[in-house]
**Q** 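The following block contains the structure, expressed as structure tokens.
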Amino acid sequence: MNWEDFRYFLTLAETGSFSGAARKLGVDHSTVARRVTALEADTGLRLIDRLPKAVMLTQEGQLLAGRGQGALEAMFAVERAAAGSMTGVSVPLCISAPPSLARHVIAPRLLAFRQQHPDIEVILQGQTQSADLNRRQADIAIRLSRPRKSSVITRKLADMPMAFYGAVDYRKAEADWDLISWDESSADIPQYRWLEDRLAGRSVVLRSNDMDVQAAGARAGVGVTLLPCFLGDADPQLRKLKGREDFPTREIWMLVHADLRHAPRVRNGMDFLISTIRSLAA
């Protein structure tokens, strides 16, 4: 049995749909379907019933999913142990971070890191969803909230203040601001709900799940948006606007699995991220 096919099947069992599994695995939904079909062919079992918008586990699928989870976790533990001892000419280091931090803070400072550690191949993933460190979806993760998993080592790196920004020549009074906000796919983001609760009759003229799109809209004079200060302050075409109420400062956390924290490449990556993120507060 192919363990990678089995991993895809367990993710499908967990999420209940090909699209949900694809999002969690970072692949196309057709890849998930192909992997599960291959597992069914390999085992000679029908593991799922394919419904229009979801999947349902068959009795055999439920049995396999229930018994296989422990084996899969053991496999990931072996992978983490191997990754912790990895050396060579080019060893990969996977960093997961929110897209805005990956694009505007981490990537621009990677040259110095590469010059110090030419043997490390950096994989920088801009992700809004949390990478599962237990399953080695990343070696180090940067997140805007503290996780609760006991197997993950956490460290607060900095506070991330946010403020309202508009175009340099945007002059409307706060009561008349045209607001740029998040769309409903981002409803779990704290600033989405905070803004929705404070519309006070004002219109939302643009919604996007991407801060760079929001900033571009504000830059063009479309309206006012709530941005991290590291993003808004660095843009000469944006001006910080003072509202009656400030959005609460968010926290930036670094996460690493306990099994990997002493690996040299991970330790080097952690030191780099600590100095890079803390420079925001300097």
Side-chain angles (χ1 to χ4, degrees), residues 3-4 7 23-28 31 75-147 149 151-160 210-212 215 228-236 250-282:
W3 279 104
E4 193 68 1
R7 180 170 72 92
R23 283 192 298 270
K24 188 161 187 176
L25 292 164
V27 299
D28 187 85
T31 302
M75 182 184 70
F76 283 123
V78 171
E79 287 186 357
R80 290 194 302 271
S85 303
M86 190 180 297
T87 59
V89 175
S90 181
V91 293
L93 174 69
C94 183
I95 300 170
S96 170
S100 58
L101 283 170
R103 184 179 298 119
H104 297 284
V105 178
I106 300 174
R109 294 166 173 81
L110 278 175
L111 176 59
F113 178 76
R114 289 284 300 132
Q115 290 172 337
Q116 293 177 0
H117 306 287
D119 58 323
I120 297 179
E121 174 193 350
V122 178
I123 303 168
L124 180 57
Q125 298 177 335
Q127 296 178 313
T128 55
Q129 295 181 329
S130 297
D132 191 335
L133 300 185
N134 286 324
R135 299 190 172 192
R136 291 213 59 232
Q137 292 178 353
D139 297 309
I140 308 172
I142 299 296
R143 287 292 168 256
L144 301 180
S145 60
R146 185 176 186 175
K149 289 185 177 179
S151 59
V152 173
I153 305 299
T154 63
R155 181 170 181 174
K156 181 182 174 182
L157 300 186
D159 289 322
M160 189 181 79
D210 189 309
M211 274 195 227
D212 284 314
C229 293
F230 74 78
L231 185 58
D233 289 349
D235 193 325
R250 299 200 66 180
E251 298 177 337
I252 303 177
W253 289 83
M254 181 173 66
L255 291 57
V256 63
H257 197 282
D259 291 349
L260 294 178
R261 60 175 170 165
H262 297 304
R265 64 190 174 83
V266 175
R267 184 70 255 175
N268 290 332
M270 292 168 63
D271 291 341
F272 161 71
L273 290 169
I274 290 169
S275 61
T276 296
I277 300 299
R278 286 185 172 172
S279 69
L280 297 178

**Q** Is there a side-chain contact (heavy atoms from CB on, under 4.5 Å) between Leu231 and Asp212? Walk through the geometry before answering.
**A** CA-CA 9 Å; Leu231 185 58; Asp212 284 314; 4.2 Å; yes

**Q** Are any non-hydrogen side-chain atoms of Pro99 and Gln127 less than 4.5 angstrom apart?
**A**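 With C-beta onward as the side chain, the pair stays apart.
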
**Q** Please determine whether side-chain contact (heavy atoms from CB on, under 4.5 Å) holds for the pair Arg143 and Ser96, giving the CA-CA distance in whole Å, both sets of side-chain angles, and the decisive distance to 0.1 Å.
**A** CA-CA 8 Å; Arg143 287 292 168 256; Ser96 170; 2.7 Å; yes

**Q** Using 0.5 Å steps for rounding, measure from the CD1 atom of Ile277 to the CZ atom of Arg155.
**A**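 Output value for this atom pair is 12.5 Å.
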
**Q** Looking at CD1 of Ile140 and CD1 of Ile142, how far apart are the two atoms once the value is rounded to the nearest 0.5 Å?
**A**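 Separation between the atoms: 7.5 Å.
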
**Q** Is there a side-chain contact between Arg278 and Thr276, using heavy atoms and a 4.5 Å cut-off?
**A**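 SC-SC contact between Arg278 and Thr276 ruled out.
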
**Q** Going by heavy atoms in the side chains, are Leu157 and Trp253 under 4.5 Å from each other?
**A**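 Result no, sub-4.5 Å side-chain heavy-atom pair not found.
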
**Q** Going by an N to O cut-off under 4.0 Å, is there a salt bridge joining Asp139 and Arg265?
**A**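 Salt bridge present between Asp139 and Arg265.
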
**Q** Kindly give the heavy-atom pair with the smallest separation between Gln115 and Pro118, and that separation in Å.
**A**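 Here Gln115 and Pro118 meet closest at O-CD, 3.8 Å.
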
**Q** Taking the side chain as every heavy atom from C-beta outward, state whether Leu93 and Phe113 have any atom pair closer than 4.5 Å.
**A**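 They are in side-chain contact.
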
**Q** Return the CD1 to CD1 distance between Ile123 and Ile95, rounded to the nearest 0.5 Å.
**A**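 Going from the CD1 atom of Ile123 to the CD1 atom of Ile95 covers 9.5 Å.
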
**Q** Are the side chains of Glu251 and Arg146 in touch, meaning some heavy atoms are under 4.5 Å apart?
**A**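 SC-SC contact between Glu251 and Arg146 ruled out.
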
**Q** Any heavy-atom pair between the side chains of Asp159 and Arg250 that's under 4.5 Å?
**A**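 Result no, sub-4.5 Å side-chain heavy-atom pair not found.
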
**Q** List the atom of Arg114, the atom of Val122, and the distance in Å for their closest heavy-atom pair.
**A**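 Minimum heavy-atom contact is CD-CG2, 4.4 Å.
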
**Q** Between atom CG of Leu25 and atom OG1 of Thr31, what is the distance when rounded to the nearest 0.5 Å?
**A**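 Reported value, rounded in 0.5 Å steps: 9.5 Å.
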
**Q** Can you tell if the side chain of Met160 reaches within under 4.5 Å of the side chain of Leu144, non-hydrogen atoms only?
**A**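 Yes, close enough: below the 4.5 Å cut-off.
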
**Q** Quick one: CG on Leu110 to NE2 on His117, what's the gap to the nearest 0.5 Å?
**A**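 That separation rounds to 11.5 Å.
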
**Q** Decide yes or no on side-chain contact (heavy atoms from CB on, under 4.5 Å) for Ile153 and Leu255, but give the supporting numbers first.
**A** CA-CA 6 Å; Ile153 305 299; Leu255 291 57; over 6 Å; no

**Q** Would Arg109 and Ser279 satisfy side-chain contact (heavy atoms from CB on, under 4.5 Å), going step by step from the backbone distance to the final call?
**A** CA-CA 11 Å; Arg109 294 166 173 81; Ser279 69; 3.9 Å; yes

**Q** So how far is it from Leu124 CG to Arg103 CZ, rounded to the nearest 0.5 Å?
**A**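 With rounding to 0.5 Å, CG (Leu124) is 10.0 Å from CZ (Arg103).
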
**Q** Do Leu280 and Leu101 make a side-chain contact, defined as non-hydrogen atoms from C-beta onward lying under 4.5 Å apart?
**A**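 Yes, at least one pair of side-chain atoms sits under 4.5 Å.
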
